[in-house]
Amino acid sequence: MGRTKKKSGGERMTLREELITLLSGEELQNKMCRALIEAAIDGKPKAWETVRDTIGEKPGSEDPRMVRKDVPLAELDMSGLTDEQLREILAQRE
């Protein structure tokens, strides 16, 4: 197995940091996406759910970009939205 990568200060990278570093490579990310889609096609329910949820079609979830402008913001449950999603909604209404 390969060596553990180190941060600039010599300390070991966390698993999260290592995965983010590896996933920043376009080729690996592409291969993983293709493998996930293949698993979904092969009938693996968890893979299918992951694809569905990642593209924003999870039942009960609302894509903030699809929020109707005629609905007052006070009536929308925005507790699960990120700052970026909230800014996008506000930008659409300006």
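Note that the numbering runs from 1 along the sequence shown for the chain.
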Minimal heavy-atom distance between Leu28 and Leu22, with the atoms involved, is CD2-O, 3.4 Å
Heavy-atom closest pair, residues Ala47 and Ala39 | CB-CB, 3.6 Å
Just one of Lys46, Arg52, Lys44 clears the side-chain contact (heavy atoms from CB on, under 4.5 Å) bar with Trp48, so which one?
->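 Single pass found, and it is Arg52.
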Does any non-hydrogen side-chain atom of Arg87 lie less than 4.5 Å from one of Thr82?
->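 Contact flag for Thr82/Arg87 side chains = no.
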Side-chain heavy-atom pair Gln29, Glu26 within 4.5 angstrom cut-off | no
Inspect the contact between Arg34 and Glu38 and indicate whether a charged nitrogen and a carboxylate oxygen are less than 4.0 angstrom apart.
->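 Not counted as a salt bridge, because no side-chain N and carboxylate O are separated by less than 4.0 Å.
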Side chains of Glu17 and Thr14: is there a donor and an acceptor less than 3.5 Å apart?
->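 Glu17 vs Thr14: donor-acceptor pair found between side chains.
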Given the rule that I, L, V, M, F, W and Y join up when any side-chain heavy atoms are under 4.5 Å apart, are Met13 and Ile20 in one cluster?
->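 Different hydrophobic clusters.
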Leu19: hydrophobic cluster co-members (side-chain, 4.5 Å) = Leu15
